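What you see is a predicted model, and the numbers here were worked out from it, not measured in a lab. Chain letters run A, B, ... following the sequence lines, proteins first and then strands; every chain starts at 1.
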Amino acid sequence: KTITERKVDDALWELKLQLIGSDVSVIVADKISEEVKKNLVGVKIGLLENINEIVKNSLRKAVEDVLRVNINEKIDLISEIKNKKNKPYIIALVGVNGVGKTLTAAKIAFLLKNKGLNCILAASDTFRAGSIEQLEKHANNLNIKVIKQGYGSDAAAVAYDAVNYARARNIDAVIIDTAGRVQTDKNLMEEVKKIIRVVEPDLKIFVGDALTGNDMLRQAEEFNNNLGLDGAILTKVDADIKGGAALSISYITKKPILFIGVGGEYKDLEEFNVEKFIEMLMP
Amino acid sequence: SLGKKLSEAVRKLVRAPLVDEKAVKEFIIELQRALLEADTNVELVLELSKRIEKRAMEVELPPGITRREYVLKMVYEELTSILGKRSEPIRLKPGQSNVIMLVGIQGSGKTTTAGKLAKYFKKRGVKTALVCTDTFRLGAYEQLKQLAQQIEVPFYGEPATKDAVKIAKNGINFFKEEKIEAIIIDTAGRHKEEKSLFEEMISLSKEIKPQEIILVIDGSLGQQAYIQAKAFAEATNIGSIIVTKLDGSGRGGGALSAVAATGAPIKFIGMGEKIDDLESFDPPSFLSRLLG
Ligand SMILES: Nc1nc2c(ncn2[C@@H]2O[C@H](COP(=O)(O)OP(=O)(O)OP(=O)(O)O)[C@@H](O)[C@H]2O)c(=O)[nH]1
Ligand SMILES: Nc1nc2c(ncn2[C@@H]2O[C@H](COP(=O)(O)OP(=O)(O)OP(=O)(O)O)[C@@H](O)[C@H]2O)c(=O)[nH]1
Ligand SMILES: [Mg+2]
Ligand SMILES: [Mg+2]
C-alpha cells in the first residue's frame with residue numbers, strides 16, 4: 001500500500017498536539033511535521049505495516065535530528081576554561097526577566113569551584129531593585145569576589161571592570177550576570193549588545209525558563225539574532241515540565257543546551273541529557 | 001482584531017452562502033492554531049473549538065446578523081465567558097486592615113507586583129504597607145525594601161528569621177497598630193512539585209487569613225499554566241490573578257488557562273518593569289492580543 005497525504009495528516013495531528021501540549025512551539029511542531037510528511041507521502045509500505053507507527057517513528061527521528069546539535073556540538077565547559085591561554089574565560093548570561101540568570105550564575109560559579117577553577121562574578125544588572133545585593137550574597141556564600149558598581153551605573157563598564165580585575169590576577173573565569181529584559185525592547189537589546197561588544201565573551205549563554213510557551217521561540221531567536229548565542233541553559237526543569245522548550249531552543253539557535261536548572265540550590269545544575277528529553281517528548 | 005490567518009479563515013467562512021462544512025472545519029483549525037500559538041491549554045482549545053464548531057454549523061442565524069458577525073461574536077462570547085466582561089476591583093473592607101497575599105511560581109513577578117500594587121493603592125488614598133515573607137531567595141528582603149522606599153510606603157521584614165508565618169503575623173500585627181488599610185504580603189516563589197513550599201503557603205493562608213490571595217502569572221507561561229494554577233487553587237483560595245510581563249511578546253493563553261483552571265478573575269496586568277507599569281485588566285484588549 002502507499003502512504004497517502006491524508007493518512008499522514010491524520011497520524012501527525014495527534015502527535016503534533018502531544019508535542020504542543022509539551023510546550024514545543026506550534027511553529028516548530030509544524031516545521032518538524034512538514035519534514036516528516038515530505039519524506040513519507042507516496043512511500044510504498046507492506047500491507048501489514050502500521051502507518052501510525054511509521055509516522056510516529058519518523059517524527060521521533062525528526063525530533064532526534066533537531067536535538068542532535070546537543071550531541072554533535074556538546075560544550076565541555078571545564079575543558080574550554082582550562083584550555084583558554086589568555087585568562088579569564090568570559091561567560092555572559094542573558095535572557096528575559098525572572099528566568100533564573102542570577103541563580104544560574106551562582107550555580108556555575110559553584111560548579112567551577114568544585115572543579116578547582118577560580119572565578120569572579122560581575123553584577124551587570126544595575127537596574128533592578130535588590131539585584132546587586134542578591135548577587136553579592138551569592139558571592140559571599142561561595143566565597144568569591146563580586147565586581148559591582150552602584151545602581152544606575154553602566155552595565156558594560158561593570159563587566160569591563162570585572163574582566164580587567166580577573167586578567168590582572170590570572171583568574172580562570174568571569175561570570176557576567178546581566179539584567180532581565182524583554183527582547184522586544186530595542187533600547188534594552190542595544191544595552192546588552194554593548195555589554196557583549198565591550199567584553200567579547202567566550203561564551204554567550206541564553207537562559208530560558210522551561211515553563212515558557214511559544215514565546216521561547218521568539219526570545220531565543222531575537223537574542224540569537226542580536227548577539228550570536230553560543231549555547232543555552234534551561235531552568236526550572238524540576239517543575240514537572242514536558243521538555244518542549246528544549247526543542248524550540250535547539251531548533252532556532254542550532255546551538256547546544258549546556259545545562260539544566262533543576263532546583264533552587266547551587267548543586268541543582270545538571271548536564272543536558274538528550275535521551276531523557278526525547279523520552280519526555282515522545283514516550 | 002484577529003490575526004491574518006484567522007481573519008482569512010473567517011472571510012472564507014462567510015463567503016459561503018449556506019453553511020459550508022468544509023469552510024467551518026478550516027475556520028476551526030485556524031482558530032485552534034491561533035489559540036495554541038497563544039499558549040492556550042490544548043484540552044481547553046479542543047473543548048472550546050468543539051463548542052464553537054457546533055454553533056457555527058447552525059443554519060438558522062439570529063435575525064439581523066451576518067454569518068461573519070455571528071461567528072466572530074461566538075468566538076468572543078466563548079472566550080469572554082471564561083475571562084469575564086470587565087475587570088473587577090480588589091475589594092478592601094473600609095476601616096480595617098485588609099491582608100492581600102501574593103503567590104506564584106519562581107520569577108513570575110510577585111515582588112515587583114507587590115510594589116506596583118502598593119503604589120496603586122497609595123495613589124488612591126489607601127494606607128498601604130509591604131511585608132516580605134520570602135525567607136529563601138537571597139536579597140528578597142532588600143528588593144522589596146528598596147521598592148517600598150522608592151514609593152515611600154512602610155515596610156516590614158525580618159532578614160534573620162526563617163519562619164515565613166512568624167514574619168507575616170508580626171508584620172500584620174505591627175501594621176494593624178499603625179492603622180494600615182492594605183497590608184500586601186510578598187511570598188517566596190514555588191511550584192507544585194515543591195511539597196514543603198506548598199505546605200508553607202497553606203500554612204500562611206490558614207494562619208493569616210488574607211482578604212485576597214492573588215496568583216501572579218507570567219504572561220509567557222506555556223502549557224503548564226493550567227495544571228500549576230489548579231494546584232495553587234486546590235491548596236489555597238485564589239481570589240484573583242495578575243498577569244505580568246505583557247509588555248513582552250507572550251500572548252497570554254497560559255493566563256487564560258489559569259483563569260479556566262481556578263475560576264479566579266484577572267484583575268491587573270503588568271506592562272513593564274517600572275513601579276507604575278500596572279494596569280487594570282481590560283478583557284477586550286487581552287482577547288485581541290490572545291487571538292493575534
Ligand atoms: N525551582 C527552581 N527555581 C529556580 C531555578 N532557577 C532559578 N530559580 C528561581 O527563579 C527565581 C528567579 O531567579 P533569578 O536568578 O533571580 O532570575 P533572573 O533571571 O536573574 O531574574 P531577573 O534578573 O530579575 O531577570 C528565583 O526564585 C530562583 O530561585 C530552577 O532551576 N528551579
Ligand atoms: N518587563 C517586565 N518585567 C517584569 C514585569 N513584572 C516583573 N518583571 C520583572 O520580572 C523579574 C522577576 O520579578 P520578581 O518580582 O523578582 O519576581 P518574583 O515572582 O518575586 O520572583 P521570586 O521571588 O524569585 O519567585 C524582574 O526582573 C522584574 O523586574 C512586567 O510586567 N514586565
Ligand atoms: Mg537577575
Ligand atoms: Mg520575589
Q: Give a yes or no on whether B/K274 atom NZ has more than 12 heavy-atom contacts from other residues, nucleotides or ligands under 6.0 Å away.
A: no

(Q) So, taking the atom named CD in B/Q32 and the one named CH2 in A/W13, what distance separates them when rounded to the nearest 0.5 Å? (A) 4.5 Å

Q | Heavy-atom proximity to chain B below 4.5 Å, by part of A/Q183 | A | side chain

Q) Atom CG of A/D209 and atom CG of B/L221: how far apart are they, to the nearest 0.5 Å? A) 8.0 Å

(Q) Do B/H191 and A/D240 make a side-chain contact, defined as non-hydrogen atoms from C-beta onward lying under 4.5 Å apart? (A) no

Q. Between B/D39 and A/N214, which heavy-atom pair has the shortest distance, and what is it?
A. OD1-N, 2.7 Å

Q) Salt bridge or not for A/D30 and B/R33, using N-O below 4.0 Å? A) yes

Q: Applying side chain to side chain contact (heavy atoms under 4.5 Å, CB included), run through B/Q106 and A/K236 and close with a yes or a no.
A: CA-CA 8 Å; B/Q106 286 89 345; A/K236 306 178 200 172; 4.3 Å; yes

**Q.** Heavy-atom pairs under 4.5 Å with chain B, option from A/I241, A/V182, A/D23 with the top count
**A.** A/D23

Q. With a cut-off of 6.0 Å (strictly less than), are more than 12 heavy atoms of other residues, nucleotides or ligands near NZ of A/K148?
A. no

Q: Could you tell me which of B/K145, B/K245, B/E43 has the largest number of non-hydrogen atom pairs under 4.5 Å with chain A?
A: B/K245

Q.
Please rank B/R137, B/Q224, B/Q223 by heavy-atom pairs under 4.5 Å with chain A and give me the top one.
A. B/Q223

(Q) I'd like to know whether NZ of A/K7 has more than 12 heavy-atom contacts from other residues, nucleotides or ligands below 6.0 angstrom. (A) no

Q: Taking the side chain as every heavy atom from C-beta outward, state whether B/E37 and A/I27 have any atom pair closer than 4.5 Å.
A: yes

Q) Just wondering, do A/D238 and B/E194 contact through their side chains at under 4.5 Å, heavy atoms? A) yes

Q: Return the minimal non-hydrogen interatomic distance between B/D247 and A/T184, and the atom names on each side.
A: O-OG1, 3.5 Å

Q. Which region of A/T212, side chain (C-beta onward) or backbone (N, CA, C, O), has a non-hydrogen atom less than 4.5 Å from a non-hydrogen atom of chain B, or is it both or neither?
A. both

Q. Is any side-chain heavy atom of B/R251 closer than 4.5 Å to a side-chain heavy atom of A/R218?
A. yes

Q | Side chain, backbone, both or neither of B/F136 within contact of chain A (heavy atoms, under 4.5 Å) | A | side chain

Q. With only heavy atoms counted, which part of B/E193 is less than 4.5 Å from chain A, the side chain, the backbone, both or neither?
A. side chain

Q) Of the listed residues (A/H138, A/Q134, A/M216), which shares the most heavy-atom pairs with chain B below a 4.5 Å separation? A) A/Q134

Q.
For A/K137, which atoms come within 4.5 Å of any heavy atom of chain B: side chain, backbone, both, or neither?
A. both

Q.
So for B/I105, is it side chain, backbone, both, or neither that comes closer than 4.5 Å to the heavy atoms of chain A?
A. side chain

Q. OG of B/S249 to CD of A/Q219: how many Å apart, nearest 0.5 Å?
A. 6.5 Å

Q. So how far is it from A/D185 CG to B/E273 CD, rounded to the nearest 0.5 Å?
A. 8.0 Å

Q.
Any heavy-atom pair between the side chains of B/L46 and A/L17 that's under 4.5 Å?
A. yes

Q. How many angstroms lie between CD1 in B/I217 and CG in A/L211, if you round to the nearest 0.5 Å?
A. 10.5 Å

Q.
Rounded at 0.5 Å granularity, tell me how far CD in A/E136 sits from CD in B/E142.
A. 9.0 Å

(Q) For A/A239, is there any backbone N or O sitting under 3.5 Å from a side-chain donor or acceptor partner on B/K192? (A) no

Q) Given A/E133 and B/Q146, is the side chain to side chain donor-acceptor pair (under 3.5 Å) satisfied, shown in steps? A) CA-CA 11 Å; A/E133 287 82 356; B/Q146 286 173 21; 3.1 Å; yes

Q) Does any heavy atom of chain A fall under 4.5 Å from the side chain of B/Q150, the backbone, both, or neither of them? A) neither

